[in-house]
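Okay, structure first, notes after.
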Amino acid sequence: MASDNKPSIAITGPNSSGLTAWLFTALNVRLAGGLPVRVTPATFSGKIDYDGIIIGGGSDIHPDNYVAQQVPKVKRSGWLRIKEALMYPMEWLSRFSATKYDKERDAMEQEFIDYAMLQDKPILGICRGHQLLNAELGGSMYQSTLPLLQKKMRIRSPFPRKKVIYTKDNSLISDIAGDDPLKVNAIHSQAIAEPADSLEVTAKEKAGINQVIESKDSDKVLGVQWHPEYLFYMKAHRSIFQWLVEQARDTNNKEDC
């Protein structure tokens with residue numbers, strides 16, 4: 001519940017690592033007037049009745065928890081990999097880290113998603129959270145973005161190196177962030193394929209990768225493929241957290257009436 005008129009915003013994350021994402025996400029929530037609360041599997045007590053929810057980024061979702069979209073494998077040249085390593089060192093370094101799953105976190109976040117849908121609470125999915133939101137509601141996933149990119153470099157950077165184009169007029173994301181194409185970052189290797197029946201894709205990048213999902217029936221559900229918490233110096237991305245906190249405050253005020 002709200003504290004001193006500041007709506008409580010649950011921010012989910014892993015037990016280990018995730019500190020940087022938490023600090024930046026919490027900063028954005030505070031700047032927007034909310035009260036951030038860190039929730040990990042280790043600290044999760046079963047409490048889910050927060051005023052707003054952020055399902056954060058992190059490790060890949062366990063394959064048991066989504067429907068995989070089948071795509072043909074793509075052969076990528078050595079020269080393309082060298083260019084990626086030179087221009088986007090994070091992409092090169094990611095090749096040396098083994099895939100880690102966190103089924104305990106998946107289960108916790110699925111509870112939060114189900115609660116938000118049932119109670120009409122505002123929810124924001126970031127990167128992995130965006131993907132899990134779609135998967136939990138019945139959508140499918142690409143296990144890798146490489147087949148979609150074909151011979152294009154896979155950008156992996158916390159800085160705004162991609163451009164997102166709206167695919168629908170009068171969308172929630174354009175109401176929040178403005179009508180101009182968004183410059184976004186990219187720290188992901190998977191992506192949403194088909195949206196769940198209750199969701200729609202409202203923005204993509206040039207390569208065709210889905211970047212935004214919204215509810216067809218509510219203005220309280222939003223998922224973004226990028227990490228807006230690291231782009232707090234750009235008004236459009238701060239506006240995403242302002243939207244969430246304002247929705248949480250309005251919801252809380254209605255419940256108090």
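- Side chains of Ile54 and Thr25 form a contact here, defined as non-hydrogen atoms less than 4.5 Å apart.
- For the 3.5 Å distance criterion, the side chains of Gln110 and Glu136 qualify, holding a donor opposite an acceptor.
- Residues Val221 and Leu199 form a side-chain contact, since some pair of their non-hydrogen atoms from C-beta on lies under 4.5 Å apart.
- Minimum heavy-atom separation, Ile192 to Gln131: CG1-CA, 4.1 Å.
- Of the charged side-chain nitrogens involved, at least one lies within less than 4.0 Å of a carboxylate oxygen, so that Asp64 and Lys103 count as a salt-bridged pair.
- A donor atom on one side chain and an acceptor atom on the other are not found under 3.5 Å apart for Gln225 and Gln211.
- The existence of a salt bridge linking Arg128 and Asp106 is confirmed by a sub-4.0 Å separation between a basic side-chain nitrogen and an acidic carboxylate oxygen.
- Side-chain contact between Ile240 and Leu124: present, with at least one pair of heavy atoms (C-beta onward) separated by less than 4.5 Å.
- Taken together through direct or relayed side-chain contacts under 4.5 Å among Ile, Leu, Val, Met, Phe, Trp and Tyr, Val67 and Ile213 form parts of separate hydrophobic clusters.
- Of the N and O atoms on the side chains of Asn15 and Thr40, at least one donor lies less than 3.5 Å from an acceptor on the other residue.
- No hydrogens or angles considered: nothing links the side chains of His188 and Trp226 as a donor-acceptor pair under 3.5 Å.
- Residues Lys220 and Asp120 are paired through a salt bridge, judged by an N-O separation under 4.0 Å between the basic side chain and the carboxylate.
- When side chains are defined from C-beta on, Leu146 counts as touching Arg76, because their heavy atoms get closer than 4.5 Å.
- Within the 4.5 Å cutoff, the side chain of Gln143 has no heavy atoms near those of the Val71 side chain.
- Remark: the Glu194 side chain and the Ser140 side chain contain no N/O donor-acceptor pair separated by less than 3.5 Å.
- For the 3.5 Å distance criterion, the side chains of Ser157 and Asn185 fail to qualify, holding no donor opposite an acceptor.
- Side chain to side chain, Ser189 and Arg154 fail the donor-acceptor criterion of an N or O pair below 3.5 Å.
- Salt-bridge formation is not detected for the pair Glu205/Lys163: no Lys NZ or Arg NE/NH1/NH2 atom is positioned less than 4.0 Å from an Asp or Glu carboxylate oxygen.
- Smallest separation of non-hydrogen atoms from Leu137 and Ala196: O-CB, 3.3 Å.
- Tyr166 approaches Ala177 most closely through the heavy-atom pair OH-CB, 3.9 Å.
- The two atoms that bring Phe112 and Lys47 nearest to each other are CZ-O, 3.7 Å, heavy atoms only.
- Trp243 and Ile176 make their closest contact through CG-CD1, 3.4 Å (heavy atoms, listed as atom of the first residue, atom of the second, distance).
- Residue Lys216 qualifies as enclosed at atom NZ: its count of foreign heavy atoms under 6.0 Å is above 12.
- For the pair Pro63 and Tyr101, the minimum side-chain heavy-atom distance is below 4.5 Å.
- Heavy atoms only, all atoms of each residue included: Glu109 and Thr12 are closest at OE2-OG1, 2.6 Å.
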